[in-house]
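Here's the structure we're looking at; comments come further down.
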Amino acid sequence: MKYFILVLALVCFALNSLIARYVFNEDLLDEVTFTVIRLCSGAFVLVLFLLLSKQKNRALSQCGSWYGAIALLVYLIGFSFAYTALDAGFGALILFVVVTFTMVIGGIIQGQKLSLLQWGALSVALLSLAYLLNPSVSHPNWYAVLAMGLSGIGWGAYSLQGTKLKLEGQSPIQSTAGCFLRAMVFVPAIFPFISAIQFSWYGVVIAIICGAITSGVGYVLWYQSLFWLQVDKAATMQLSVPVITLISGVLFLGESVNVIQCICAVLIVLSIGFYLKQKSRLG
């Protein structure tokens, strides 16, 4: 049963990319409306889970942090704007690499030392991504790439903040629910970024599913898995998310990939997997 929960969590993470790409590809919602609905529905589910849990050691107003809320909002906004022009799998790979490097830089700032093998693995991942972004290989939309890069920095910073909040005594659900709730305060500030309003009730339903289920429930399932899954193994398991997204994008969204793109994707996943393996050996 525990492996089933783990697989569901990973599928939820992949579905976030697929759903976002589908919504924008079909012009069901604009980027800001989708982001706001995803944020609010995710906050509702996470707070509900928190209130129904036995974690009563901290008031809801004391959960999360403002820094975490801002980082979360940067992730959500960048994610939405990026998927107006990026394929699901391509976007997931960019997000995955940037999140990894953001957390590596955060670790170095905190005094973490990397071995020569780890630097080599990260260099392979970065060079593979750079080649993947080569216009002769993928013809990327650079504004969308930049947006996904900012999204990755936001999620990486949010993850680092989550580690800090854990040390302060907050559980993952407490910190996530608190950050989602605090991020809602900034919602009015992002409405001016709407370039063209797109709205449909079908899109609203899908955005609620993305926020409440694939984000909210997905995070709860993931945290449930972390009770028995070691952190280094958990990070390695997340390597499957870009792969799932890439394959699903081809199967369900009609996206296309060529041989070179597949090779770059494999090199990125394997090199970061090797980096994580070395990290676990070094403790």
Side-chain angles (χ1 to χ4, degrees), residues 11-49 64 66 68-92 94-95 98-99 140-155 157-158 176-220 245 248-249 252-255:
V11 169
C12 282
F13 292 160
L15 282 174
N16 283 328
S17 294
L18 295 169
I19 289 174
R21 183 56 184 149
Y22 173 72
V23 166
F24 300 132
N25 202 40
E26 298 296 322
D27 294 324
L28 299 178
L29 291 174
D30 60 82
E31 309 92 319
V32 173
T33 302
F34 176 81
T35 300
V36 171
I37 295 173
R38 181 186 177 191
L39 172 64
C40 294
S41 55
F44 175 80
V45 168
L46 286 164
V47 170
L48 182 62
F49 270 105
W66 290 112
I70 293 172
L72 175 65
L73 198 62
V74 169
Y75 155 71
L76 291 171
I77 294 173
F79 188 90
S80 295
F81 276 87
Y83 273 129
T84 59
L86 293 179
D87 285 350
F90 190 54
I94 297 172
L95 178 69
V98 176
V99 168
N141 180 305
W142 290 106
Y143 291 105
V145 170
L146 176 61
M148 190 58 84
L150 290 173
S151 179
I153 292 172
W155 186 253
Y158 175 75
T176 304
C179 287
F180 262 76
L181 206 57
R182 289 169 187 259
M184 291 174 61
V185 174
F186 301 102
V187 163
I190 66 176
F191 276 110
F193 290 97
I194 297 179
S195 56
I197 297 176
Q198 295 283 349
F199 185 86
S200 71
W201 287 110
Y202 178 49
V204 170
V205 172
I206 295 178
I208 291 174
I209 291 173
C210 184
I213 299 178
T214 60
S215 294
V217 175
Y219 296 146
V220 173
T245 307
S248 299
F252 301 114
L253 299 180
E255 297 176 352

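What you are looking at is a predicted structure, and each value in this text was computed from that prediction instead of being measured.
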Q. Looking at L95 and S151, what are the two nearest heavy atoms and their distance?
A. CD1-OG, 3.7 Å
Q. Without hydrogens or angle criteria, can the side chains of T35 and S80 be said to hold a donor-acceptor pair below 3.5 Å?
A. yes
**Q.** Over all atoms of both residues, closest heavy-atom pair of V99 and G152
**A.** CG2-O, 3.4 Å
Q) Do other residues, nucleotides or ligands put more than 12 heavy atoms under 6.0 Å from F199 CZ? A) yes
**Q.** Verdict with reasoning, Q198 to T33, per side chain to side chain contact (heavy atoms under 4.5 Å, CB included)
**A.** CA-CA 8 Å; Q198 295 283 349; T33 302; over 6 Å; no
Q.
For G149 versus I94, what's the shortest heavy-atom pair and its separation?
A. N-CG2, 4.4 Å
Q. How many angstroms lie between CD1 in I77 and CG in L39, if you round to the nearest 0.5 Å?
A. 9.0 Å
Q. Within the side chain of N141, is there an N or O that forms a donor-acceptor pair under 3.5 Å with the backbone of A144?
A. yes
(Q) Tell me whether D30 contacts the main-chain N or O of V32 through its side chain, where contact means a donor paired with an acceptor under 3.5 Å. (A) yes
Q: Would you check if the side chain of S17 reaches a backbone N or O of A88 as a donor-acceptor pair within less than 3.5 Å?
A: no
Solution key, residues 202-220 side-chain donor-acceptor pairs under 3.5 Å, sequence neighbours excluded:
| from | atom 1 | to | atom 2 | distance (Å) |
| --- | --- | --- | --- | --- |
| Y202 | OH | Y22 | OH | 3.3 |
| T214 | OG1 | N16 | OD1 | 2.6 |
| T214 | OG1 | C210 | O | 2.9 |
| S215 | OG | N16 | OD1 | 3.3 |
| S215 | OG | R38 | NE | 3.1 |
| S215 | OG | R38 | NH2 | 3.2 |
| S215 | OG | C210 | O | 2.8 |

(Q) Please report the interatomic distance CG(L18) to CD(E255), rounded to the nearest 0.5 Å. (A) 7.5 Å
Q) How far apart are the C-alpha atoms of L253 and N25, what are their side-chain angles, what is the distance that settles it, and do they pass the side chain to side chain contact (heavy atoms under 4.5 Å, CB included) test? A) CA-CA 9 Å; L253 299 180; N25 202 40; over 6 Å; no
Q. Is it true that atom CH2 of W201 has more than 12 heavy atoms of other residues, nucleotides or ligands lying nearer than 6.0 Å?
A. no
Donor-acceptor contacts, no H, no angles, side chain residues 176-196, under 3.5 Å, sequence neighbours left out:
| from | atom 1 | to | atom 2 | distance (Å) |
| --- | --- | --- | --- | --- |
| T176 | OG1 | Y158 | OH | 3.4 |
| T176 | OG1 | P172 | O | 2.7 |
| T176 | OG1 | Y223 | OH | 2.7 |
| R182 | NE | C63 | O | 2.9 |
| R182 | NH2 | S61 | O | 3.0 |
| R182 | NH2 | C63 | O | 3.3 |

Q: Please name all residues satisfying side-chain contact (heavy atoms from CB on, under 4.5 Å) with A20, sequence neighbours left out, ordered by chain then number.
A: F24, F34, F79, Y83
